[in-house]
Structures are given as structure tokens and as C-alpha cells.
Amino acid sequence: MKKSWILSSAMAGAFLIVILLTGITGQLWPAAWGSDKRMVALGDSLTYGYGDRLGNGYVDSLEERLNEKYEKTFTIKNYGIRGQETDGVLKQLAHWNIQQEVKKADTVILFIGTNDLINIETPHG
């Protein structure tokens, strides 16, 4: 199965970086994708939906826009957790149910790092 990962981090300036896994043919944009698509979102409160004035977050908005624009069905499972840090995502990925969702997904969105930056301990000098 072709799979792409979308990774974002506060340390990377909150840019979305798309990592194409082995075997993908470069069909990055949804218009080039064939059938219905499954996506998984992992991350912190921004993925969860916190701070969005509508309470949906970017995941629900993305799913809605993709389904409006393309003639296929996009389903995004949101596993964002408020306050999550990178080590929390790693623990999440150790759970069997999350592993199964990631395996079934065509795309994985990972937005993490904001809380890591906020909680960095700086040396006092």
C-alpha cells in the first residue's frame, strides 16, 4: 500500500514536511490519488482541536475541505491529545490499536513539538 506521512513540528517552524515512504510514486496531491482515502492524525492540542474558534481544529476542517473538493471520500481519524509531547506520541504508537490505524492509513499527519518547546528547561546562569 502506498503511504505518505505529513510531519510538522514547532522546531521546524510549523511547516508541514511531507515524507514519502518507500514505494510511493510521487502522487502527493489528492487529485492524483485513486480511491477513497484513510488518514490518521497524531499530535498535540492543535491536532486535537484546541484553540479553534469553531472547536473543530485543523483536522476536521481538512477532512471537510478534501471531501468538498475531490470526488472521493477522505476519512481522518484524530488521535491528537491536549498537552501531548513527542514522547507521548511515541507511547501512543506503541499501542496495538494505533499501530493498526497507521497501517491502514494512506496518509499520517504528525503535528508535534509545540509543547516540547514550551517545556524546555533552560539553564540558569
Side-chain angles (χ1 to χ4, degrees):
M1 172 192 308
K2 297 177 185 177
K3 188 182 303 277
S4 60
W5 287 67
I6 301 175
L7 168 69
S8 180
S9 168
M11 289 184 237
F15 289 107
L16 291 178
I17 301 169
V18 177
I19 300 172
L20 303 176
L21 298 177
T22 306
I24 195 153
T25 61
Q27 293 182 337
L28 176 60
W29 305 114
W33 295 348
S35 61
D36 296 346
K37 296 297 167 190
R38 298 170 65 114
M39 303 169 89
V40 170
L42 299 160
D44 55 23
S45 58
L46 297 174
T47 301
Y48 172 81
Y50 181 74
D52 179 29
R53 60 186 165 91
L54 300 176
N56 295 332
Y58 77 85
V59 174
D60 289 341
S61 296
L62 175 62
E63 182 178 54
E64 184 178 310
R65 288 183 184 181
L66 287 171
N67 283 315
E68 286 174 0
K69 186 166 183 169
Y70 299 101
E71 295 179 9
K72 52 189 69 63
T73 301
F74 289 83
T75 304
I76 306 177
K77 298 253 184 156
N78 188 345
Y79 293 103
I81 298 174
R82 290 177 67 174
Q84 179 104 290
E85 293 185 9
T86 303
D87 62 339
V89 171
L90 295 174
K91 289 176 186 173
Q92 252 186 314
L93 289 169
H95 291 149
W96 182 86
N97 64 320
I98 300 292
Q99 291 174 8
Q100 296 310 305
E101 290 296 335
V102 168
K103 285 179 184 178
K104 290 187 275 186
D106 298 293
T107 302
V108 176
I109 303 168
L110 177 61
F111 192 98
I112 197 72
T114 306
N115 295 313
D116 294 277
L117 281 177
I118 291 170
N119 295 323
I120 289 177
E121 293 185 30
T122 56
H124 301 285

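Remember, it's a predicted structure, so these values are computed and weren't measured experimentally.
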Chemist: Test side-chain contact (heavy atoms from CB on, under 4.5 Å) on L110 and V89; report intermediate values, then the result.
Modeler: CA-CA 9 Å; L110 177 61; V89 171; 3.7 Å; yes
Chemist: Nearest 0.5 Å, please: how far is CG in D44 from CG in D116?
Modeler: 8.5 Å
Chemist: Please determine whether side-chain contact (heavy atoms from CB on, under 4.5 Å) holds for the pair L42 and T47, giving the CA-CA distance in whole Å, both sets of side-chain angles, and the decisive distance to 0.1 Å.
Modeler: CA-CA 7 Å; L42 299 160; T47 301; 6.0 Å; no
Chemist: Would you please name every residue forming a salt bridge (Lys or Arg N to Asp or Glu O under 4.0 Å) with R38, sequence neighbours left out?
Modeler: E101
Chemist: Run the side-chain contact (heavy atoms from CB on, under 4.5 Å) test against Q100 and tell me which residues pass, sequence neighbours left out.
Modeler: W96, K103
Chemist: Test of understanding: with side-chain contact (heavy atoms from CB on, under 4.5 Å), list the residues that count as partners of N119, not counting sequence neighbours.
Modeler: E85, N115
Chemist: Mind checking side-chain contact (heavy atoms from CB on, under 4.5 Å) for R65 and listing every partner two or more places apart, or none if nothing turns up?
Modeler: none
Chemist: Listed by chain and number, what are the side-chain contact (heavy atoms from CB on, under 4.5 Å) partners of I81, not counting sequence neighbours?
Modeler: Q84, Q92
Chemist: Quick check for you: to the nearest 0.5 Å, what is the distance between L93 atom CG and Q99 atom CD?
Modeler: 7.5 Å
Chemist: Quick check for you: to the nearest 0.5 Å, what is the distance between M39 atom CE and L66 atom CG?
Modeler: 6.0 Å
Chemist: Looking only at non-hydrogen atoms, find the nearest pair between A41 and I76 and report the distance.
Modeler: CB-CG2, 4.1 Å
Chemist: Please report the interatomic distance CG(L46) to OG1(T114), rounded to the nearest 0.5 Å.
Modeler: 5.0 Å
Chemist: Using side-chain contact (heavy atoms from CB on, under 4.5 Å) as the criterion, point out the one residue from K69, E64, E63, E71 that pairs with N67.
Modeler: E63
